[in-house]
Amino acid sequence: MADFNAITLQLKGIHKAYNIGLPAETEVLHGLDLTIERGEFVALIGPSGSGKSTLLNLIGLLDKPTVGELLITGQPTTQLQDRELTLLRAKAIGFVFQFHNLLPEFTALENVMLPLLAARGRPDEAMRLRAAELIEQVGLTDVGKHMSNDLSGGQQQRVAIARALVMQPALVLADEPTGNLDTKAADNVFDLLRRVNEASDTSFLIVTHDPRLAQRCDRIIELVDGRIDSDKANRVSPP
């Protein structure tokens with residue numbers, strides 16, 4: 001379980017460039033400063049090519065900034081080695097992707113258990129109970145033993161959310177989590193994320209192109225051309 005500090009995420013002067021020293025060198029992110037506090041529910045918006053995916057990769061500790069410091073629950077990360085980054089990512093960050101990334105050869109319950117297996121090496125009853133608890137929380141008790149490929153798109157997304165929460169992370173990164181769902185299913189998934197946020201005080205950063213869903217977040221950050229163009233508290237719109 002991750003430590004829950006008052007500040008979940010902090011970026012200090014983050015730059016990210018590619019092809020450094022080559023004629024094709026390109027800087028994608030330009031000196032970003034950002035703080036997300038414990039329990040915040042934040043939308044990240046911006047046009048294609050604005051740097052959202054690059055920023056998400058940095059926050060998810062899948063890449064390192066060229067310049068600047070990134071802290072997760074107060075811990076500086078830019079000097080950490082790969083193994084240390086992997087351990088921190090597994091402990092502190094949950095991921096929800098648009099296309100689920102479930103393993104088809106596993107059941108819904110087993111997919112939820114995967115992060116625990118990666119952290120501890122072998123299954124035990126405590127893992128099964130934790131996964132079953134989350135399967136129930138996302139409303140899928142009746143299909144927990146079904147293979148993931150036999151589930152609907154909305155059900156698969158709920159499994160992905162449960163998997164993201166199984167390590168009790170301080171921060172959940174959701175990359176277009178409702179992008180391939182119809183309006184009703186998208187609302188259901190979003191409502192589930194909200195309930196988890198309110199019940200656990202977990203921080204959420206949600207990348208979305210859907211302005212209707214962004215308006216239901218507490219804060220909206222807009223990224224344009226690799227810079228934070230606006231960062232505003234939001235009066236939440238009802239569903």
Side-chain angles (χ1 to χ4, degrees), residues 2-18 20 26-80 84-85 88-98 164 169-179 190 193-194 196-198 200-211 213-236:
D3 293 330
F4 280 75
N5 294 352
I7 296 177
T8 301
L9 171 69
Q10 191 169 16
L11 309 183
K12 298 180 178 180
I14 292 293
H15 293 254
K16 180 61 182 179
Y18 295 98
I20 296 172
T26 303
E27 186 169 87
V28 179
L29 300 177
H30 313 289
L32 303 188
D33 295 303
L34 173 65
T35 297
I36 293 179
E37 297 184 356
R38 176 179 175 178
E40 281 200 278
F41 198 82
V42 182
L44 177 64
I45 64 172
S48 296
S50 61
K52 297 190 305 299
S53 294
T54 298
L55 179 57
L56 210 62
N57 283 339
L58 294 181
I59 294 172
L61 306 181
L62 301 171
D63 200 357
K64 289 187 175 183
T66 309
V67 177
E69 184 60 88
L70 188 154
L71 297 90
I72 300 289
T73 62
Q75 180 172 352
T77 64
T78 51
Q79 300 302 316
L80 296 181
E84 295 171 314
L85 288 169
L88 180 59
R89 182 168 57 244
K91 181 180 75 168
I93 303 172
F95 295 87
V96 180
F97 303 99
Q98 179 178 351
L171 174 65
V172 172
L173 303 176
D175 188 6
E176 296 288 354
T178 62
F190 192 89
L193 296 178
R194 258 305 199 182
V196 170
N197 163 251
E198 292 168 357
S200 66
D201 224 12
T202 300
S203 302
F204 279 77
L205 181 62
I206 300 174
V207 175
T208 182
H209 282 99
D210 187 339
L213 293 182
Q215 287 299 323
R216 294 172 62 188
C217 295
D218 298 324
R219 178 178 167 197
I220 302 175
I221 298 168
E222 183 172 12
L223 198 65
V224 177
D225 294 333
R227 293 180 172 86
I228 294 176
D229 187 65
S230 65
D231 182 353
K232 298 178 180 178
N234 181 51
R235 178 174 294 178
V236 176

Measure the spacing between CG of L62 and CG of L85 and express it to the nearest 0.5 Å. 9.5 Å

With D229, which residues qualify under side chain to side chain donor-acceptor pair (under 3.5 Å), at least two apart? none

S203 versus E40, side-chain donor and acceptor atoms under 3.5 Å: no

So, taking the atom named CD1 in I20 and the one named CD in E27, what distance separates them when rounded to the nearest 0.5 Å? 9.0 Å

Sidechain-backbone polar pair: K64 side chain, L80 backbone, donor-acceptor under 3.5 Å: yes

Check: T202 and L171 side chains under 4.5 Å, non-hydrogen atoms: no

I45 and E222: CA distance, side-chain angles, deciding distance, side chain to side chain contact (heavy atoms under 4.5 Å, CB included) verdict: CA-CA 5 Å; I45 64 172; E222 183 172 12; 3.8 Å; yes

Tell me which pairs pass ring pair (Phe, Tyr, Trp, His ring centres under 6.0 Å) where either residue lies in residues 42-71, with sequence neighbours left out. none

Salt bridge or not between D63 and K16? Use side-chain N to carboxylate O under 4.0 Å. yes

Within the distance-only criterion (no hydrogens, no angle test), does the side chain of N234 pair as donor or acceptor with the backbone N or O of I220 below 3.5 angstrom? no

Side chains of V207 and E176 in contact at under 4.5 Å (non-hydrogen atoms): yes

For L88 and I93, what are the C-alpha separation, side-chain angles and deciding distance, and is it a side chain to side chain contact (heavy atoms under 4.5 Å, CB included)? CA-CA 8 Å; L88 180 59; I93 303 172; over 6 Å; no

So which heavy atom on D225 is nearest to which on H30, and how close? O-CD2, 3.2 Å

Show the nearest heavy-atom pair for residues S200 and V196, with the distance to one decimal. OG-O, 2.7 Å

Which heavy atom in T208 sits nearest to a heavy atom in D210, and how many Å separate them? OG1-N, 2.9 Å

Any non-hydrogen side-chain atom of T66 less than 4.5 Å from a side-chain atom of Y18? no

Determine yes or no for a side-chain-to-main-chain donor-acceptor pair under 3.5 angstrom, with E69 supplying the side chain and L11 the backbone. no

For residues 43-52, which residue pairs qualify under side-chain hydrogen bond (donor to acceptor under 3.5 Å, both in side chains), counting only residues two or more places apart or in two chains? none

Flag side-chain contact, heavy atom, 4.5 Å: L32 against L223: yes

Strictly below 4.0 Å, N to O, side chains only: are D218 and R194 in salt-bridge contact? yes

Using the side chain to side chain contact (heavy atoms under 4.5 Å, CB included) rule, take V172 and N197 through it: C-alpha gap first, then chi angles, then the decisive distance, then the call. CA-CA 9 Å; V172 172; N197 163 251; over 6 Å; no

Parallel, tilted or perpendicular, judged at 30° and 60°: which one describes the rings of F204 and F41? tilted

Heavy-atom distance under 4.5 Å between the side chains of V96 and D175, does that happen here? no

For G60 and R89, which heavy atoms make the closest approach, and how far apart are they? O-CD, 2.9 Å

For I14 and V67, run side chain to side chain contact (heavy atoms under 4.5 Å, CB included): C-alpha distance rounded to whole Å, both residues' side-chain angles, the deciding distance at 0.1 Å, then the answer. CA-CA 6 Å; I14 292 293; V67 177; over 6 Å; no

Under 4.5 Å between any side-chain heavy atoms of V42 and I206, yes or no? no

Heavy-atom distance under 4.5 Å between the side chains of I228 and D33, does that happen here? no

Nearest heavy-atom contact between I72 and I59 is CD1-O, 3.9 Å

Compare all side-chain heavy atoms of I221 with those of L34 and state whether any distance is below 4.5 angstrom. yes

If you look at every heavy atom in T8 and R38, which pair is closest and at what distance? OG1-CA, 3.4 Å

